[in-house]
Student: 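This is the structure I have questions about; it appears just below.
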Amino acid sequence: MTPRSLPFILLKGITNDFSADRIIGKGFRGNVYKGIYEDGTIIAVKILKILVHELVVGMWRKMLQQETSKARSVEGYCHQVMACILIALKCVKYDRHDRPDIGEVVRALDETETGIHDDSDLLDVHPTDLRFAFKPKKHASCLAQLHNKQDDPVAFRIMCHKSPKRYHTSLPLHGMVPPRCTYTLALMTSKQLKPPPSDSDEALVLWSVAVSHSQELQLKNLSNQASASREYENMFRKAQESADDEMQEVTLKCISAPPPADEEATSSDEVLNLFEDEAVYIAKFIPQEEWIVAGDGNGWIHVFSCDGYQDATSFEAHDGHIMSLAVHSTDSYVLSSSHDDHLIKLWHWDMHWDFKKGPWACTRTFEGHTDRVSQLVFNREDPGCFASASWDGTVKIWSLNSDVCKTIKSDTHQDGLLCVDCVDFITGADHQHLITGSKDQTAQVSQFAFLVVEYIHVSSASCFHG
């Protein structure tokens, strides 16, 4: 009798879904089942595994070998194809209760992903083409993910042999990817006037080497970045010289891509664009006017309207960079202090002022500190006075309407409060207090009437949230 090919669903029905009790024989290519038609006719049914499994997988293997030269990657994909075939066979079982639900299918497919990547690769890098969206005079950034599927930590080193100055990111860059973890890198280019040539062969080189857990711990315990860089450099040099350590190299091509045509700048981008050439040391929001006031490294104050940031004015306020600004809670006043001239200035705008009228008026200058004034803060309970902290080791309490000030200097330190970094007012149930933070790693809390002094260990910043 000549063998015939019958529909698979029919074969499932007449063999009771290829039940084990229907097996009447076994061969190299598959089992032989007893099939019974509805009219009682009995036939022998054999499923040739080569047709269902090996033929399909062989076809995929041939196609994949044309796409990649990595044998392990090919086998990983073939393993996934085989798994998909087995899932498909389960999905067409005669009894619907034996078919997998969608959750089981998804979990099975997820498990196949583990075999796709080349097991010989220490790190799976994505993407290998780094696309930096070029904008004139702007930094461009790109994210890259390093995925470690090994059971050991993997150290990496990124270098640029051609144009290292093109990158704002400090190169060479070192790091450690823990076992079974993904490390995300943020790479950034320097500001450039024009994009690199379209035929540029600019690229970064990624080296990776597996390390022991003790080496990982040793690198983590290094006290500073310079020591860590030296250790990483020594590690990779030894890996290059040793035949036992397998160091792998991946080339990351750097591509200068134009920004998307529909890209819209966010409000935060627009604010940053306003300070193209100067560092910004302090910025405050003026809620009653919906303005932003900022101080830069050249001693200038900049005022911007939050309504589209179209209205702006700038004026010179101090001789050196501005360290602190304080906004009055109700009146049209802003205080400013400087790193270099040790002065405090009170700025005012009247109700008729607009951006076309130019600078604010400096109504008062407060002198008395002998070193940089690090912070200013208005008293929330009495907005007519404010406090200033200085690196001359003092805190001074000022009145907006008087030249008289109260100086606070601790008796517990030979040099007073050393360098005072910060100051703020605290309002309690019965008294108001002043808190100051200084360079000696202490914070001092004083009753505002200057009767009680308490000390709290640690702090280089002080702020009270009411």
Side-chain angles (χ1 to χ4, degrees), residues 1-127 145-152 178-182:
M1 184 175 183
T2 303
R4 291 184 299 156
S5 177
L6 298 175
F8 187 75
I9 192 67
L10 173 62
L11 296 177
K12 283 170 61 68
I14 64 176
T15 59
N16 195 21
D17 198 11
F18 303 105
S19 174
D21 60 5
R22 293 289 185 95
I23 296 177
I24 57 176
K26 294 184 179 181
F28 176 72
R29 294 296 182 182
N31 298 329
V32 180
Y33 296 86
K34 179 182 180 181
I36 305 175
Y37 282 104
E38 292 182 357
D39 61 2
T41 303
I42 298 176
I43 65 171
V45 177
K46 184 171 185 177
I47 302 295
L48 296 179
K49 292 182 179 179
I50 185 172
L51 295 178
V52 180
H53 296 78
E54 296 179 13
L55 186 62
V56 177
V57 174
M59 178 184 65
W60 275 94
R61 180 179 285 108
K62 183 177 180 180
M63 290 190 299
L64 291 167
Q65 286 172 342
Q66 296 173 353
E67 298 293 330
T68 178
S69 60
K70 295 181 179 179
R72 292 189 182 182
S73 293
V74 170
E75 291 307 313
Y77 281 113
C78 289
H79 173 74
Q80 187 182 46
V81 171
M82 178 67 77
C84 290
I85 293 173
L86 295 176
I87 294 171
L89 291 174
K90 290 181 180 180
C91 290
V92 294
K93 281 185 174 292
Y94 184 78
D95 188 342
R96 65 182 181 84
H97 296 97
D98 294 333
R99 301 170 195 164
D101 58 29
I102 186 63
E104 293 172 328
V105 173
V106 171
R107 285 191 294 272
L109 291 175
D110 285 342
E111 291 175 359
T112 66
E113 294 293 330
T114 59
I116 292 180
H117 300 289
D118 189 352
D119 293 336
S120 64
D121 287 343
L122 295 176
L123 293 177
D124 178 29
V125 185
H126 179 78
Q145 290 189 327
L146 312 180
H147 188 37
N148 178 11
K149 288 197 172 183
Q150 311 294 324
D151 292 323
D152 295 314
R180 306 289 175 179
C181 291
T182 298

Student: Would you compute the distance between atom CG of L122 and atom NZ of K149 and round it to the nearest 0.5 angstrom?
Tutor: 14.0 Å

Student: Please round to the nearest 0.5 Å and tell me the distance separating atom OG1 of T182 and atom CD of Q145.
Tutor: 6.0 Å

Student: Would you say the side-chain atoms of N148 pair up with the backbone N or O of P178, donor to acceptor, closer than 3.5 Å?
Tutor: yes

Student: So, using salt bridge (Lys or Arg N to Asp or Glu O under 4.0 Å) as the criterion, who are the partners of D17 when residues are at least two apart?
Tutor: K12

Student: Under the side chain to side chain contact (heavy atoms under 4.5 Å, CB included) rule, collect the residues that match up with I42, sequence neighbours excluded.
Tutor: K34, I36

Student: I'd like to know if the side chain of T15 and the backbone of L11 have a donor-acceptor N/O pair within less than 3.5 Å.
Tutor: yes

Student: Please name all residues satisfying side chain to side chain contact (heavy atoms under 4.5 Å, CB included) with D21, sequence neighbours left out, ordered by chain then number.
Tutor: S19

Student: With sequence neighbours left out, write down each residue that passes side chain to side chain donor-acceptor pair (under 3.5 Å) with N16, or none if nothing qualifies.
Tutor: none

Student: So, for F18 and Y33, which heavy atoms are closest and what is the spacing to 0.1 Å?
Tutor: O-CE2, 3.4 Å

Student: Kindly write out the residues that satisfy side chain to side chain contact (heavy atoms under 4.5 Å, CB included) with P100, not counting sequence neighbours, or none if the list is empty.
Tutor: K90, C91, E104, V105

Student: Just jot down the salt bridge (Lys or Arg N to Asp or Glu O under 4.0 Å) partners of D151, sequence neighbours excluded, or say none.
Tutor: R180

Student: Would V45 and V32 count as a side-chain contact (heavy atoms from CB on, under 4.5 Å) here? Give the steps.
Tutor: CA-CA 6 Å; V45 177; V32 180; over 6 Å; no

